[in-house]
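The block underneath contains the structure these notes are about, expressed in structure tokens.
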2 protein chains.
Amino acid sequence: MDEEGLAALAHSSRQLLLPPGTTIVEEGEPALAFFNVTRGTVKLFKSLPDGRRQITGFADAGQFLGLSTAQTYSFGAETVDNVRLCRFMRPQLETLLTDYPSFERRLLAAVTDKLAEAQEQMLLLGRKTAREKVASFLLDRMKAFHQTANRRQEAETLASVPMTRVDIADYLGLTIETVSRTISAFRRSHLIASAENHRIRILSVPTLTNIASGQKAE
Amino acid sequence: MDEEGLAALAHSSRQLLLPPGTTIVEEGEPALAFFNVTRGTVKLFKSLPDGRRQITGFADAGQFLGLSTAQTYSFGAETVDNVRLCRFMRPQLETLLTDYPSFERRLLAAVTDKLAEAQEQMLLLGRKTAREKVASFLLDRMKAFHQTANRRQEAETLASVPMTRVDIADYLGLTIETVSRTISAFRRSHLIASAENHRIRILSVPTLTNIASGQKAE
DNA sequence: CGTCCTTTTGATGCTCCTCAAGCGCGGTGG
DNA sequence: CCACCGCGCTTGAGGAGCATCAAAAGGACG
């Protein structure tokens, strides 16, 4: 993207700093804005009338969220930790798309990637066991940390897990007790170890990878 | 989209007619083409090494499939019934996107819609009971039939279900036995009835809607 | 240092899966 | 023409995995 484009982008956006647990968009409300996360982690979710909730994804720094063709948001979004994000109002976004085709192309690529991610998550939710789900989750968090953090040697096998057990359970389609038990079992088997600051160190990436994909390797 | 655009579109595509059970794209193969379904139904899926399979969606007439930013397809696709589709090779697609911004915009909207659908399906897979899953599925198929078929009065409450029990089970994250039992239970409760030609008539849309969204109304 | 909230651990039960057998229907060949 | 076979669907019995209910332990904060 060219300099001019970036300038226009920055000009039409507004920065927000939000503490943990802040609602960014509410399911069913008019879809007036579009966001880009620049720091922290945001959770996206859908709910049933009786309160059951499914977290459909976590948006880490660099991710977009809030795109919608409908008049209203079909999902809710809330901050997990301290989050900084850029907000684009809808009309400005449309202008940007038209004026900067390269931006539109990048957006199309980003949404396509999100769709592939969603398909992977459907496989997890529909066909994996609790054990496989938690293993997949930890590896995903490790990869996300890779991309976001400065890539120091020691951080290679670290996973950032800023969300609570409730969030993890609602993301994996499990209960908090099952998540807790499974993580404990991994710890007892020395596959992972706790680290400071809501982080988990993965002691055996290959083994966890095998578990995540359903090979029954121990 | 203008006349010229449509002509270019038609020119750069090639029509294919495929019988049921034909592989359209294979998971992991180079992503060389992009498709538009013009008749019939296609299933998209992902698999685990041991053969467990999750169908991530069905593409009915009018839907796109095969978009990928990666070099290879991250999913497989196979025909459910007799399918007619248009194939666009990758380079031609890129040319089209650049030459016809309105086409790119439509594609962005289509992918965004697919993403919203995927999020809805994640809620189903992670948080709904077997009963709720099957009710949701039947209503979705009814809506899909609405959009595709000629809207005669009698077709209002008909659902088109061309796929087998195996496909339904792999779509809902259940086994074929559970799907079969649940459908039988709905039939016994006079919520649905079988119709000719792989169709199901929905006798009480409101009741099924309640079940699908988790209200325990009987 | 006490309170509150999150996490962990334990006991029990239910939903859905697994395994198994029977049914219906269309196609095939004697 | 109809018995036979194969395939998809249905139905049944039993069991496993994860949910539910309950309580204790750990951590963050004033």
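So you know, we letter chains A, B, ... as the sequences are listed, proteins then strands, and number each from 1. FYI, side chains are in, hydrogens and waters are out, and symmetry mates aren't considered; it's all heavy atoms of this structure.
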Self-check item: Phosphate-side-chain proximity, Arg181(A) and dT9(C), N/O vs OP1/OP2 below 4.0 Å
Solution: no
Quiz item: Between Phe103(A) and Phe64(A), what is the ring plane arrangement, given parallel below 30°, perpendicular above 60°, and tilted in between?
Solution: perpendicular
Self-check item: Nearest-angstrom distance from the residue atom CD of Glu177(B) to C1' of dC23(C)
Solution: 15 Å
Self-check item: Protein-nucleotide distance (Lys133(B), atom NZ; dT15(C), atom P), rounded to Å
Solution: 14 Å
Quiz item: Taking OP1 and OP2 of dT7(C), is either one under 4.0 Å from a side-chain nitrogen or oxygen of Ser184(A)?
Solution: no
Quiz item: Closer than 4.0 Å, any side-chain N/O of Thr178(B) to the OP1 or OP2 of dC17(C)?
Solution: yes
Practice problem: Could you state the atom-to-atom distance from CD1 of Ile176(B) to P of dA20(C) in whole Å? | Solution: 15 Å
Quiz item: What are the two closest non-hydrogen atoms of Leu16(A) and Phe35(A), and how far apart are they?
Solution: CD1-CE2, 4.4 Å
Quiz item: Separation of Asp170(B) atom CG from dC9(D) atom P, in whole Å?
Solution: 12 Å
Quiz prompt | Spacing of Asp50(B) atom CG relative to dT18(C) atom P, expressed in whole Å | solution = 11 Å
Quiz item: In whole Å, what is the span from the CZ atom of Arg131(B) to the C1' atom of dT15(C)?
Solution: 13 Å
Self-check item: Shortest non-hydrogen contact between Met122(B) and Met122(A), atoms and distance
Solution: CG-CG, 4.0 Å
Quiz item: Quick one: Arg52(A) CZ to dT20(D) P, roughly how many Å, whole number?
Solution: 9 Å
Quiz item: Between atom CD1 in Ile168(A) and atom P in dT7(C), what is the gap in whole Å?
Solution: 8 Å
